[in-house]
Amino acid sequence: MGSRTVGRGGRSLGGGLVVAVAGCLAGALTACGAGGGHGAAKPTASGAGAGASSAVAARGGTIGAPGSACRLPVTFVLAKNWKPESTVPDSTGSPGSPGSSGSTGSAAPDDDLAAEIADALRHQGPVTAVCEVDAKPAGHIGFLRVWTGEPGAVDARSVLASFVGAEKGAAHATYRTFTTGGLSGTEVEYRVTSEILEETKTERALAVTTPDGPVVVHLGGLDDEEHRAMLPAYELAKSTLRVTAP
């Protein structure tokens, strides 16, 4: 099973991941890549290449600042109705639920294995998943995910190349530079082939560096149709990206 396939489309890396992984271990592999049928009518986005411009989604809330759903080195505006959730485990090991109480007693071996796989899925190359924004409330199947890394001298292009290189089945990457809100970064569009689902789809991501470390913002989607429909939300995030005020 490809360690980077589960959770990349319709499955969450947050609270539902252990359940999804347990299902995979039981043999329900087809449930790992598809979250069901397509959602409501989708807005269209222009341009297929990494350098093409897209429509910008209607504005919703902002994440990244203290007190928001995800505390990040950067802030950006979410598309309307997209729901953010932290994927940073709390003291009980559960993502996005600070202060929740864990279960008592010893964990079963299958639970330990599922938790280990879930933790592995949070890491890709030099960065770790810290936040995901669910598109389902807006009628789409996919996530805008934020990954962060340790401060250092590595540039955004190198971070992004390592991120893509760590994704199983990734190929045909096209990189370009961009600037926004005083930040300079690198953006990539690439194709990912799933061995489980036997299909290939487009994904894209951007990376910037901040005093608190690199940040990668990634957009996947269940398939190419969903990916194109969610591009306006990605473009909104990119155009409003700012370093979080101290």
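Source: prediction; values computed, not measured.
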(request) Quick one: which residue pairs count as a side chain to side chain donor-acceptor pair (under 3.5 Å) with a foot in residues 150-166, not counting sequence neighbours? (result) Asp155-Ser158
(request) Identify, with sequence neighbours excluded, every residue that meets side-chain contact (heavy atoms from CB on, under 4.5 Å) alongside Thr240. (result) Arg59, Phe76, Val77, Leu236
(message) Does anything in residues 146-191 form a disulfide (SG to SG under 2.5 Å)? List the pairs, not counting sequence neighbours.
(response) none
(request) Could you tell me whether the side chain of Pro89 reaches within less than 4.5 Å of the side chain of Arg122, counting heavy atoms only? (result) yes
(message) Please determine whether side-chain contact (heavy atoms from CB on, under 4.5 Å) holds for the pair Trp82 and Leu144, giving the CA-CA distance in whole Å, both sets of side-chain angles, and the decisive distance to 0.1 Å.
(response) CA-CA 9 Å; Trp82 286 51; Leu144 190 67; 3.9 Å; yes
(request) Output every pair passing disulfide (SG to SG under 2.5 Å) with a member in residues 139-240, not counting sequence neighbours, ordered by first then second residue. (result) none
(message) Within the 4.5 Å heavy-atom criterion, are Leu78 and Thr62 side-chain neighbours or not?
(response) no
(request) Taking side-chain hydrogen bond (donor to acceptor under 3.5 Å, both in side chains) as the test, write out the residues that go with Asp134, two or more places apart. (result) Lys136
(message) Please check: side-chain N/O of Asp224 versus main-chain N/O of Thr202, any donor-acceptor pairing under 3.5 Å?
(response) yes
(message) Going by side-chain contact (heavy atoms from CB on, under 4.5 Å), name the residues that satisfy it together with Pro73, two or more places apart in sequence or in a different chain.
(response) Thr148, Thr210, Asp212, Val215
(message) What's the separation between atom CD in Glu187 and atom OG1 in Thr174, rounded to the nearest 0.5 Å?
(response) 10.5 Å
(request) Could you tell me which residues satisfy side-chain contact (heavy atoms from CB on, under 4.5 Å) with Ala205, sequence neighbours excluded, listed by chain and number? (result) Leu160, Phe163, Val188, Val216, His218
(request) With rounding to the nearest 0.5 Å, note down the distance linking CD in Glu225 to NZ in Lys201. (result) 13.5 Å
Taking distance alone, no hydrogens or angles, what donor-acceptor pairs closer than 3.5 Å link side-chain atoms of residues 177-184 to residues at least two apart or in another chain?
{"residue": "Thr180", "atom": "OG1", "partner": "Lys238", "partner atom": "O", "Å": "3.0"}
{"residue": "Thr180", "atom": "OG1", "partner": "Ser239", "partner atom": "O", "Å": "3.1"}

(message) Could you check whether any side-chain heavy atom of Val130 comes within less than 4.5 Å of a side-chain heavy atom of Leu72, counting everything from C-beta outward?
(response) yes
(request) Tell me, please, which residues at least two apart from Thr128 pass side-chain hydrogen bond (donor to acceptor under 3.5 Å, both in side chains). (result) His123
(message) Minimum heavy-atom separation for Gly185 and Ala156, please, with both atom names.
(response) CA-CB, 4.3 Å
(request) Would you name the heavy atoms of Gly221 and Met230 that are closest together and state the gap between them? (result) CA-CE, 3.5 Å
(request) Please check if the side chain of Glu226 supplies one atom and the backbone of Ile141 the other of a donor-acceptor pair under 3.5 Å. (result) yes
(request) Among residues two or more places apart or on two chains, list those pairs meeting side chain to side chain donor-acceptor pair (under 3.5 Å) that have a residue in residues 69-80. (result) none
(message) Quick check for you: to the nearest 0.5 Å, what is the distance between Ile63 atom CD1 and Lys83 atom NZ?
(response) 13.5 Å
(request) Start with the C-alpha distance between Lys168 and Glu195, add both sets of side-chain angles, then the distance that settles salt bridge (charged side-chain N to carboxylate O under 4.0 Å, His left out), and finish with yes or no. (result) CA-CA 9 Å; Lys168 186 177 178 63; Glu195 294 179 357; 3.5 Å; yes
(message) Quick one, Val208 with Leu241, criterion side-chain contact (heavy atoms from CB on, under 4.5 Å). Give me CA distance, side-chain angles, the key distance, then yes/no.
(response) CA-CA 9 Å; Val208 295; Leu241 202 65; 3.9 Å; yes
(message) Please enumerate all residues that pass side-chain contact (heavy atoms from CB on, under 4.5 Å) together with Ala170, with sequence neighbours excluded.
(response) Val164, Glu167, Tyr190, Val192
(request) Working to the nearest 0.5 Å, report the span between NE2 of His227 and CZ of Arg204. (result) 4.0 Å
(request) Please report the shortest heavy-atom distance between Pro232 and Ala229, naming the atom on each side. (result) CD-O, 3.4 Å
(message) Tell me if a side-chain donor or acceptor on Thr87 pairs with a main-chain N or O of Ala129 at a distance below 3.5 Å.
(response) yes
(request) Measure the CD-CG distance between Glu189 and Leu219 for me, rounded to the nearest 0.5 Å. (result) 10.5 Å
